[in-house]
Structures are given as structure tokens and as C-alpha cells.
Amino acid sequence: MQTVSENRAFGGVQGVYSHASDVCGCDMTFAVYMPPQAEEGPVPVLWYLSGLTCTHENAMTKAGAQAYAAREGLAVVFPDTSPRGEGIADDDAYDLGKGAGFYVDATEEPWAPNFRMWSYITEELPKLVFRNFQLEEGAQGITGHSMGGHGALTIAMTDPDRFRSLSAFAPIANPTKSDWGRKQLSAYLGAEEATWAAHDASLLLRENGWKGHLLIDQGASDQFLDLLKPEALAAAIAERRQPATFRMQKGYDHSYYFVASFMEEHIAFHAEALYG
């Protein structure tokens with residue numbers, strides 16, 4: 001692991017790091033915010049997964065998480081959204097290829113050799129950060145925005161023993177029925193739609209539920225509502241009788257102004273669960 005930068009922030013340290021990823025077959029960059037409480041010992045950790053076109057940097061610089069994480073004593077990990085570099089498959093469209101890994105392990109060419117973001121987020125990167133930072137492995141939460149909200153929901157519901165808290169901002173909630181999903185899932189996983197269900201939060205929630213309370217925030221003026229399909233997730237919550245707070249926030253769009261507006265509440269939600 002190489003240190004790209006480290007900056008003092010709210011009494012803690014905001015760092016950016018790179019490493020050679022065996023899973024993705026390229027160098028990967030990620031960011032970690034360590035709160036001041038980490039100087040005394042391991043702290044709980046919140047994973048933040050970003051959306052389409054983003055890198056580790058978007059949420060790190062725009063979400064305003066560090067001040068609240070410092071107050072609550074949470075570390076925050078900001079991974080990248082896809083493999084990067086020369087020789088990595090890409091597409092001219094912004095919603096496929098680099099910046100659009102969709103948190104799946106691709107099985108189709110030309111994506112399969114590198115686009116293995118599920119394994120990267122669930123296996124390789126956790127091993128690296130727990131080896132190098134003062135983090136409590138038994139106290140993990142996960143959240144994300146848009147494509148990252150999709151990733152957070154599907155990863156947590158697939159591995160509930162790992163995570164103690166779960167939230168999302170404007171998640172892609174029903175990708176098997178949306179152009180933000182069908183396009184990418186067919187490209188990465190193939191035409192057999194039965195394999196897509198494991199990456200659809202609404203289907204997973206309806207089938208398996210979530211062990212704790214969910215927190216979902218969605219902008220009511222989001223320009224991508226037809227692609228996100230929040231109504232499918234709301235219906236699954238009702239059908240499953242899932243304990244949840246699902247809020248349509250009047251006047252808010254899909255931008256990081258929306259994310260930053262409610263980040264304080266999400267950090268507090270996770271801190272309550274992780275410090276328990």
C-alpha cells in the first residue's frame with residue numbers, strides 16, 4: 001500500500017492510498033478517514049460506496065462526512081467505483097465501463113478480467129484496510145449513493161453477518177427493471193436474467209429482508225427517479241414489513257448537495273448501531 005496523501009481534518013486524518021489489486025488486475029486508489037478517537041484504539045468503520053462516474057474523491061470532498069465521523073468516532077472508507085488504467089476495458093457511455101463497475105463480478109468479455117468490484121469491496125480491500133488501520137472488524141456499517149446505494153444494499157443483504165448497519169442515498173433500487181441495471185447487468189453478467197436477481201435490492205429485500213432498521217433517503221425532485229425506481233424498494237419494505245425509515249425529501253435532486261444535506265443523520269444512524 002502506498003500513501004498518496006494525508007491531511008489533518010477535524011482532529012483526525014483524511015488519507016488517500018493506492019495498491020496493486022490482484023482482484024482487479026490493476027492499481028486501485030481508495031480513501032480512508034480516521035477520526036481522532038483512533039489514536040486511542042480501534043474504531044468502528046463505515047463503508048461509503050459511490051455512484052456512476054465517481055472515484056474515491058467525490059464523496060471524500062463533497063459529502064461532508066469527516067466532521068460528523070470525527071464527532072461520532074467512526075472511520076469512513078471511500079473505495080473507487082471501478083478498475084482504472086491502460087488496458088482496462090471501457091465504453092464510450094458514462095454508465096458502462098470505467099466509473100461504472102456496478103459492484104458485481106463480471107463474467108462476460110471484455111469485462112471479466114478486471115471488473116470484479118464485488119470481490120474487491122467484500123474481500124480484498126477489507127483485508128487491506130483492517131491490516132493497516134485501527135478498525136474494529138466486528139463493527140462495520142455500509143452506505144452509498146445511487147449506484148453505490150445499490151451496492152451497499154445488495155452487499156449488506158447478501159452478507160448480513162458482516163454488517164451491523166445499512167443505509168442508502170437515492171439507490172438504484174430495482175436494476176433488473178431499469179435501464180440503469182439491465183444494460184450493465186447484461187453486459188457484465190450475460191443475458192440470463194436469473195443471474196441478475198442477486199444484485200437487485202428490491203428483490204433481495206422482498207426475499208430475505210434485513211436484520212435491522214434501514215434508513216433510505218431519496219430526493220423527491222431527483223432527475224433520475226424513473227431509473228432509480230424507489231417505489232419498488234418502498235413496496236418491498238411494505239410487503240416484507242421491514243423496519244425502515246424511507247424518506248422522500250421534498251425539493252432535493254440527485255446531487256451531492258442532497259447527500260451532504262442528510263449525511264449528518266446517516267452518520268449518527270450508523271454510529272448508534274455500531275457503538276450499540
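Values below: all heavy atoms of this structure, side chains included; hydrogens, waters and symmetry mates excluded.
- In the model, Ser21 has a side-chain atom that pairs as donor or acceptor with a side-chain atom of Glu124 under 3.5 Å.
- At least one donor-acceptor pair closer than 3.5 Å links the side chain of Ser178 to the backbone N or O of Leu227.
- In this structure, Phe30 has its ring center no closer than 6.0 Å to that of Phe78.
- Side-chain contact between Thr81 and Met147: present, with at least one pair of heavy atoms (C-beta onward) separated by less than 4.5 Å.
- A donor-acceptor contact closer than 3.5 angstrom is absent between the side chains of Gln14 and Asn7.
- Environment of OH in Tyr257: sparse, with no more than 12 heavy atoms of neighbouring residues, nucleotides or ligands closer than 6.0 Å.
- For the side chain to side chain contact (heavy atoms under 4.5 Å, CB included) criterion with Tyr17, the lone passing option out of His56, Met28, Glu6, Gln2 is Glu6.
- Applying the ring pair (Phe, Tyr, Trp, His ring centres under 6.0 Å) test to residues at least two apart or on different chains, the pairs with a partner in residues 233-254 are His145-His254, Phe224-His254, Tyr252-Phe262.
- More than 12 heavy atoms of other shown residues, nucleotides or ligands fall within 6.0 angstrom of atom CD in Glu109.
- Residue Asp179 places its CG atom among 12 or fewer non-hydrogen atoms of other residues, nucleotides or ligands, all under 6.0 Å distant.
- Using a 3.5 Å distance cut-off with no hydrogens or angles, the side chains of Asp105 and Ser119 do pair a donor with an acceptor.
- The shortest distance between side-chain heavy atoms of Leu135 and Val43 falls below 4.5 Å.
- Counted by atom type alone, Thr245 and His213 present one or more donor-acceptor pairs between their side chains at under 3.5 Å.
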Side-chain donor-acceptor pairs under 3.5 Å in residues 167-175, sequence neighbours left out?
from, atom 1, to, atom 2, distance (Å)
Ser167, OG, Thr143, OG1, 2.8
Ser167, OG, His266, ND1, 2.9
Ser167, OG, His270, NE2, 2.8
Asn174, ND2, Asp200, OD1, 3.3
Asn174, ND2, Asp200, OD2, 2.8

Evaluation steps, salt bridge (Lys or Arg N to Asp or Glu O under 4.0 Å), between Glu265 and Arg247 = CA-CA 12 Å; Glu265 294 175 61; Arg247 306 186 297 194; 2.7 Å; yes
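- Using a 4.5 Å heavy-atom threshold, the side chains of Asp95 and Gln184 count as touching.
- Residues Arg162 and Pro126 meet the side-chain proximity criterion, which asks for heavy atoms closer than 4.5 Å.
- Ring planes of His150 and Tyr103: tilted class, angle from 30 to 60°.
- For the pair Leu189 and Glu108, the minimum side-chain heavy-atom distance is 4.5 Å or more.
- Side-chain contact between Pro79 and Leu125 is present, with at least one heavy-atom pair separated by less than 4.5 Å.
- Within the 4.5 Å cutoff, side-chain heavy atoms of Asp91 are placed close to those of Trp111.
- By the 4.5 Å heavy-atom criterion applied to side chains, Thr29 and Thr55 are not counted as neighbours.
- In this structure, Arg240 is not positioned above the aromatic face of Trp210 in the sense of NZ or CZ being under 6.0 Å from the six-membered ring centre and within 45° of the axis.
- Transitive grouping of hydrophobic side chains (ILVMFWY, heavy atoms separated by less than 4.5 Å) keeps Ile237 and Phe269 in distinct clusters.
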